[in-house]
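Structure first, commentary second.
Start at 1 and go down the list; that is how both ligands and their atoms are numbered. Count residues from 1 along the sequence.
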Amino acid sequence: MADVKDLSAYKGVWVFAEQREGKIMPVVIELLGEGRKLADAVGCELCAVLLGDKVEGLTDELFAYGADKVYLADDPELKDYRTDAYSITIGKAIEEYKPEIVLLGATHIGRDLGPCLAVNCNTGLTADCTKLEIDPTDKKIQQTRPAFGGNLMATIICPDHRPQMSTVRPGVMEKAQYQEGRKGEVVKLNVSFKEGEIRTKVLEIVKSLKETVSLTDAKIIVSGGMGLGKPEGFDLLKQLADKLGGVVAASRAAVDAGWIDHSYQVGQTGTTVKPKVYFACGISGAIQHVAGMQDSELIVAINTNESAPIFEIADVGIVGDLYKVIPAIIEELDKVEA
Ligand code: FAD
């Protein structure tokens, strides 16, 4: 490539502070936690990039979660996410301030914005990372993500271009600690667009009426797979989840069967979860499922097949029919409550 950059000019770790309707997305707090580790390892500052309309008030939250500096673009044109407006604004800021590392959440917005930014900045992007580490010798980031259908983990580096960019799956990294009253510097970004540069207009935002589920924040998850045998099986799982103050989730096979919405799917192509307790009910334990739940604190597996792979990672394994085991657990819980 003709465009050779002076890599030593690039300094600092940036986190895209994705906000929706004036609320910082939870993945941003995770990225600030991870960004802090990377910034300390390299010996540079941690910065957040915040775009929106009337969002200046959110800067305090970003400082409290560890940002040393917030690059702020506050403008009516940035009220709702639009690929052109956001990628042009951040692209110009990257050109001017030259961060060494840029992290984005692998949300719908991050997955759209990341590749556009990478193209604008003529650099690489590693999508959907599950682990980030600094190589102690050359201080480059090693970006790890599942590859080949989740059968192996690939570690990717970006040796010749800057910034090094990654999107990171929500729910994978530890959240940053909140430090009340922590302060930092706000740097205002210039927001201007040429005629016709923004090719889309948001006419209306229509929210889906389907039930939304927050698996990433759930402490207890009762998850079901093909072993349920029928969609109604989720009603039984819901009863157990309600008793424990948890939520229901599913394997991809159950989602593909049309038994439950995709938003409930755990795994490589679903959500990554880290609850205190994960019940795997009638789930075989395919590698792609395990990739999304193996970091749960306690894994309870219920399966009729004692050789099911899920038992290899379960802390508590119950060999049995879930339609007998779960009602028995509910009955015991009822006794405790009575
Ligand atoms: P099965 O593998 O059919 O297992 C059903 C289990 O239920 C069996 O172990 C059986 O013994 C048990 N059982 C049967 N009856 C009962 C009973 N009455 N009581 C108790 N146990 C019973 N999968 C995901 O989950 N998430 C992903 O994100 C994901 N991404 C993928 C990405 C790619 C690229 C590919 C190729 C696959 C992906 N998969 C994913 C699919 C994955 O490979 C498996 O096919 C899927 O996880 C299997 O779902 P399951 O465990 O529900 O079904």
Side-chain angles (χ1 to χ4, degrees), residues 27 105-108 111 126-131 144-154 156 167-172 213-216 218 221-241 246-275 277-296 299-332:
V27 69
T107 59
H108 292 301
R111 283 173 199 224
T126 306
D128 244 4
C129 295
T130 52
K131 192 158 115 192
T144 302
R145 55 151 297 150
F148 293 103
N151 289 310
L152 58 86
M153 301 301 280
I156 295 164
T167 59
V168 177
R169 295 192 123 204
V172 177
V213 55
S214 176
L215 293 177
T216 11
I221 294 180
V222 183
S223 193
M226 290 310 277
L228 289 174
K230 51 187 181 215
E232 294 75 25
F234 280 102
D235 298 341
L236 179 63
L237 302 194
K238 176 111 180 27
Q239 278 179 41
L240 178 59
V247 297
V248 162
S251 72
R252 172 159 157 184
V255 170
D256 288 349
W259 296 353
I260 190 162
D261 187 77
H262 172 72
S263 55
Y264 291 83
Q265 184 184 314
V266 167
Q268 186 194 319
T269 43
T271 305
T272 303
V273 298
K274 257 198 301 192
V277 189
Y278 187 88
F279 286 87
C281 312
I283 292 178
S284 57
I287 186 164
Q288 297 89 354
H289 186 82
V290 168
M293 46 65 78
Q294 61 196 350
D295 291 332
S296 305
I299 298 170
V300 181
I302 306 168
N303 200 301
T304 41
N305 176 6
E306 63 178 44
S307 310
I310 193 75
F311 287 127
E312 285 165 29
I313 56 150
D315 301 288
V316 179
I318 304 171
V319 179
D321 180 351
L322 68 91
Y323 286 103
K324 293 192 179 132
V325 177
I326 295 177
I329 298 176
I330 293 173
E331 204 181 305
E332 288 304 313

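For ligand 1 and A286, the ligand atoms under 4.0 Å from any heavy atom of the residue are 42 (C), 43 (O), 44 (C), 47 (O). For ligand 1, the atoms lying closer than 4.0 Å to a non-hydrogen atom of Q268 are 27 (C), 28 (O). For ligand 1, the atoms lying closer than 4.0 Å to a non-hydrogen atom of D321 are 17 (C), 18 (N), 19 (N). Interface atoms of ligand 1 facing G270, defined by a heavy-atom separation under 4.0 Å, are 28 (O). In summary, the atoms of ligand 1 found under 4.0 Å from a heavy atom of T269, numbered by their order in the structure, are 27 (C), 28 (O), 29 (C), 30 (N), 31 (C), 32 (C). Less than 4.0 angstrom separates some heavy atom of G225 from each of these atoms of ligand 1: 52 (O).
Considering only non-hydrogen atoms, atom 38 (C) of ligand 1 lies nearest to Q288 out of M293, Q288, Q265. Nearest to atom 4 (O) of ligand 1 by heavy atom, out of A301, G320, S284, is S284. Within the set E306, K324, R252, the minimum heavy-atom distance to atom 31 (C) of ligand 1 is found for R252. Taking all heavy atoms of N305, N303, T272 into account, the minimum distance to atom 9 (O) of ligand 1 is reached by N303.
Judged as a side chain to side chain contact (heavy atoms under 4.5 Å, CB included), and not counting sequence neighbours, the contacts of T271 are L215, T216, V273. Under the side chain to side chain contact (heavy atoms under 4.5 Å, CB included) criterion, R252 pairs with D256, Q265, T269, sequence neighbours left out.
Polar contact check, M226 against ligand 1: a nitrogen or oxygen pair lies under 3.5 Å apart. Polar contact with ligand 1: present for G282 (N/O pair, distance under 3.5 Å). Close N/O approach between A308 and ligand 1 is not found [any backbone or side-chain N/O within under 3.5 Å]. Of the polar atoms of V266, at least one N or O is found under 3.5 Å from an N or O of ligand 1, judged by distance alone.
A cation-pi arrangement, defined by a distance under 6.0 Å to the six-membered ring centre and an angle within 45 degrees of its axis, is absent between K238 and Y264.
In this structure, the side chain of Y323 engages the main chain of L228 through a donor-acceptor pair within 3.5 Å. Of the possible donor and acceptor atoms, one in the side chain of N303 sits under 3.5 Å from a partner among the backbone N and O of I283. Panel note: side chain S223, backbone A280; no donor-acceptor pair is recorded below 3.5 Å.
Between W259 and F234, the ring-plane angle classifies as perpendicular under the 30° and 60° cut-offs.
The local environment of CD in E232 is crowded, with over 12 non-hydrogen atoms from other residues, nucleotides or ligands closer than 6.0 Å.
Closest approach of S251 and M226 over heavy atoms only: OG-N, 4.3 Å.
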